[in-house]
Amino acid sequence: MSDVRVRFAPSPTGELHIGGARTALFNYLFVRRVGGTFVLRIDDTDLERSKEDYINKLMASMKWLGLEWDEGPYFQSKRMAEYNREAERLLNEGRAYRCYCTVDELAAGREAARTENKAYLYPGTCRNLSAETEDKLRSEGRKAVIRLKVPDSGATVVKDEIRGEVSFENSDLDDFIIIKSNGLPTYNFASVVDDLQLNITHIIRAEEHLSNTPRQQLCALAMGYEMPIFAHVPMILAPDRSKLSKRHGATSVEEFRDEGFLPEALINYMTLLGWSPGGDKEIFGIDESVSVFSLQKVNKTAAIYDTVKLTWMNSHYIREYDLEKLAESALPFFIRKELFQNRPAGDEFLYYKNVIKTVRERAKTLVELADASEYFYEDQFVYEEKGVKKAFMKEGVRELLLHAAGELDLMNTFSRAEAEEKFNVICENLEISAGRLIQPTRLAITGRMGGPGLFEIMELLGREKTVERLKRAAKYIEEL
RNA sequence: GGCCCCUUCGUCUAAUCGGUUAGGACACCAGCCUUUCAAGCUGGCAGCAGGGGUUCGAAUCCCCUAGGGGUCACCA
């Protein structure tokens, strides 16, 4: 066990989206590679927006993806005493001060700056208040916030594993708030206190935090510490190049799961979003990535996520997955589609597994898998319109199907090889090509023009159902 | 608007120290295979944002421009 410690610190204001998940993944890859500790922290200082439901969903999503953490979850909401103690210390040491400006007063200043088209910086109104003035303001009923004294010269340099050294002029920063008037810490402060107290050694997070990093570094400096090493990973953008949000459709892990994506596929896809092991390999498991992962190889460019490639990857995993596991994963989708009510048992489960086995080859998601399985459970399906024209509305098809039904009925045993042999004989005797019989038969027993090998389907369905469906189709054609 | 980051096919990406016909994957197109649909195989289309330098030689180093993103809250 190395002493490397990383943390993933989501705020529970929504479901875990693909960007957050990818950040968690990179933390995971990095820390597992070096044998360090993965800490989960819930940044819930914003009581208004944080919801307990989201906390559970967040953790469920991480577990579903296989991103297990070693320590935590820690909750910022339970660590208020720490933040207040540190803030008090800064106050006593003269590195921070109470500010009594009201929200309205500040807004006025901001508005003025805007009309002059200048950047607004808090002017430091309360930076050097006398004890008397403070008493007076307090007696007026004014509530105070605590602001950090930011040096007005010099620069703050952020050391970043991915971007190198990034320098910010302190004069561009103002005395920002570290404790709000309701006594709660701001993110920039709480996050630093926690990272320091939890002995985090590497902060791997999204690039949107880069601009705030100098503020955090200034906090650490004021408290007498140095910040850990940073790694700001590029953002994941929606297809329209904008920041991910709800209006972009499925972006949360939960949604991807519900749409029938396998966790391994999602992991594989996210791994390649902003990182590449080099070489031509595209398909690899999380353990393989762990063994070669490095922050230096993480890209600097934001990536647009593309469900098309994810879908391709998913279809690959569906094809290669362990059948037993696939059957388990697909269960909720079959139930949702009402192909059956409960988890099938005994022979029913065997049948279910065989259905999946024959159908998995052409399903890109678990939803499609259940879709493609429909006619194995439903007798009263409708015939595909295009197929009816192509396969049913031809001379002698009805008689042909009836004839085939009769022949199949006479068979003693019924396997895919035997059925195929029988069809060959029928076609030879009638002097027609195999396709002439196979096409309408396929439509008759599945309602569709595409799908698995016909004789495979017939074997699984069994002779009785096959014959029944041929007859049903014949009747249907008659009524056309 | 200030500050910060970024810029290789439509998308994800590769290209040890500058020397490559700029490679792969998805998608798309064509062909092969085939009872269908897929899968698979083969081939094709398609990119170094633009402009200046430095250099014998630049996708790679420097500068400028343009574009994209982020951030500037008593949100995280």
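Letters go in sequence order (proteins before strands), and every chain restarts at 1. Just so it is clear, the values below take in all heavy atoms, side chains as well, and ignore hydrogens, waters and symmetry mates.
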First encountered from the 5' end of RNA chain B, between A:His209 and A:Ser242: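 Final value for this comparison: A:Ser242.
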Could you work out the separation of [N] and [M] based on their [atom1] atoms and round it to a whole Å?
{"N": "B:G19", "M": "B:U55", "atom1": "C1'", "result": "12 Å"}
{"N": "B:A14", "M": "B:C9", "atom1": "P", "result": "13 Å"}
{"N": "B:C75", "M": "B:U71", "atom1": "C1'", "result": "13 Å"}
{"N": "B:C48", "M": "B:A59", "atom1": "C1'", "result": "5 Å"}

Who does [N] pair with, Watson-Crick or G-U, both distances under 3.5 Å?
{"N": "B:U35", "value": "none"}
{"N": "B:U55", "value": "none"}
{"N": "B:C45", "value": "none"}
{"N": "B:U7", "value": "B:A66"}
{"N": "B:G2", "value": "B:U71"}

Record whether the side chain of A:Arg362 comes under 3.5 Å of the base of B:C37 through a donor-acceptor pair of N or O atoms.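 Counting by modelled atom types and ignoring angles, a donor-acceptor contact under 3.5 Å is found here.
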Every protein N/O lying under 3.5 Å from an N/O of nucleotides 9-13 of chain B:
unit_1: B:C12; atom_1: OP1; unit_2: A:Ile304; atom_2: N; d: 3.0
unit_1: B:C12; atom_1: O2'; unit_2: A:Leu272; atom_2: O; d: 2.8
unit_1: B:C12; atom_1: O2; unit_2: A:Lys309; atom_2: NZ; d: 3.3
unit_1: B:U13; atom_1: OP1; unit_2: A:Gly274; atom_2: N; d: 2.4

Pairs: protein N or O with nucleotides 39-47 of chain B N or O, under 3.5 Å:
unit_1: B:A39; atom_1: O3'; unit_2: A:Arg319; atom_2: NH1; d: 3.3

Can you confirm if the NZ or CZ of A:Lys78 lies within 45° of the ring axis of A:Phe75 and under 6.0 Å from the centre of its six-membered ring?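 A:Lys78 over A:Phe75 ring: yes.
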Taking the side chain of A:Leu454 as its heavy atoms from C-beta onward, which of B:U35, B:A27, B:C74 lies nearest to it?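 Closest nucleotide to the A:Leu454 side chain: B:U35.
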Which residue, A:Arg95, A:Arg127, A:Arg215, A:Arg98, forms the salt bridge (Lys or Arg N to Asp or Glu O under 4.0 Å) with A:Asp175?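 Among A:Arg95, A:Arg127, A:Arg215, A:Arg98, the one meeting salt bridge (Lys or Arg N to Asp or Glu O under 4.0 Å) with A:Asp175 is A:Arg127.
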